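What follows is a single structure, written as structure tokens, with notes after it.
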Amino acid sequence: MAKGLNLQLVKSENRSLVLYLLNSEGSMSRKQISARLGLTPAAVTKICSQLIESGLVEEKGEAFEHGRSGRREILLSLKLADKAVLGINAEKDVITLSVSSLDGTLIKLKQIPFSDDVEAVISQAAAFKNKFKTASLIGAGVCVIGSVDEDDFGIWKDKRLKEKLENALNLPVVIENNVKAFAESELIYGKLKNPNSILFLKWGPGLGSAIVANGKVFSGSDSSVAEIGHYIVNAGGVKCRCGRFGCLETEASENAILNEVNSDKPLDELLKNCDNNTMNIIDHKINMVALAVTNTATILSTDNIVLFGTMFKNEIIAEKLKKQCMRYNTNLTDDIIKKSALNEKSGYIGCCAICAKHFFFEADGR
């Protein structure tokens, strides 16, 4: 790598370090930032000046230092609330369109039925966006089920999806797997005590997972790596969209359960008045998921297991799964296995997080 490019990379990484630190710790002085990151005061002063000039950081008054007189350090804070992003979150049954500020606050939301017709979805997203004051929109985040690469955008098999979206929306676009996007949201907006090693379980109409290792969302060369939904749990099961047979998703997702008990009611409604046979089927599915979660957590030696998705809106399901996991591994506790505090925001917060990461925290600033 050329020396100039290497220096630019270091500058960009240091810039991101400052932004992430302010996000996790709140307001800090330049002196505090320098001490925490091990950067020289001169380097921190230069970085912070550039961030203030770019409108990403602002000065928020003086820091109080006990027993010290004279000039006090000025506190710096992120400027997130004045920047908005468009979200397109595609699930099996519904697509959620949203506008939210970069601090995670929802501004506007609309849900439409899922469609395979990409052009129609893009058209609806553009119409939704055009009803919003666009001056503060800095980008669009698109979350999809399945793998995300230049040849395959999950449930939409369109190699030109990103290009089409950017042309229609007149915004830069980032596309990510929806579970990984939610994991990013937990790192940016969540309040986990030990965010270095996390197993995320999404359980709803589908079933999937993501892993955080060393504080970063893990991305392997194969989208099914670390994907709990494609563990084979029934060799004689039906064919999954991944091509395997008897995957956990095809056996234990919310849609799979409703199909097995032959119900057209949402699971939460079904549980209010179900017979013993139906409850036994649901318990069997909970046990399947608990075994997969426990085995994965054992391999990873994870600090946290975060539960989210529509299945966990039902407290009975959440508590039964937690108890089964703790039964199989006594090292797992209520402090380790918990529902995400962001679960009620799952329709848009992942879109917001991937935009924050790509267009704010890790943008090169040039």
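Given the structure is predicted, the values throughout are model-derived calculations rather than measurements. Residue numbers count from 1 along this sequence.
Y348 pairs by the ring pair (Phe, Tyr, Trp, His ring centres under 6.0 Å) definition with nothing, not counting sequence neighbours. Applying the ring pair (Phe, Tyr, Trp, His ring centres under 6.0 Å) test to F361 and every residue at least two apart in sequence or in another chain returns Y20. With sequence neighbours excluded, the residues satisfying ring pair (Phe, Tyr, Trp, His ring centres under 6.0 Å) with F312 are W203. For D334, the salt bridge (charged side-chain N to carboxylate O under 4.0 Å, His left out) test picks out K322, with sequence neighbours left out. Judged as a salt bridge (charged side-chain N to carboxylate O under 4.0 Å, His left out), and not counting sequence neighbours, the contacts of K357 are E184. In this structure, S197 has no side chain to side chain donor-acceptor pair (under 3.5 Å) partners at least two apart in sequence or on a different chain. Under the rule for a salt bridge (charged side-chain N to carboxylate O under 4.0 Å, His left out), the partners of E119 that lie at least two apart in sequence or sit in another chain are K164. Qualifying salt bridge (charged side-chain N to carboxylate O under 4.0 Å, His left out) partners for E53, counting only residues two or more places apart in sequence or in other chains: none. Listed by chain and number, the residues in a side-chain contact (heavy atoms from CB on, under 4.5 Å) with Q124 are I112 (sequence neighbours excluded).
Among residue pairs with one or both ends in residues 170-191, those qualifying as ring-ring contact (aromatic ring centres under 6.0 Å, His included) are F182-F308; sequence neighbours excluded. Within the structure, the side chain to side chain donor-acceptor pair (under 3.5 Å) test picks out the following pairs touching residues 83-102 (sequence neighbours left out): N89-E91, E91-N178, E91-K202, T96-Q111, S101-D103. Counting only residues at least two apart or on different chains, no ring-ring contact (aromatic ring centres under 6.0 Å, His included) pair has a member in residues 233-292.
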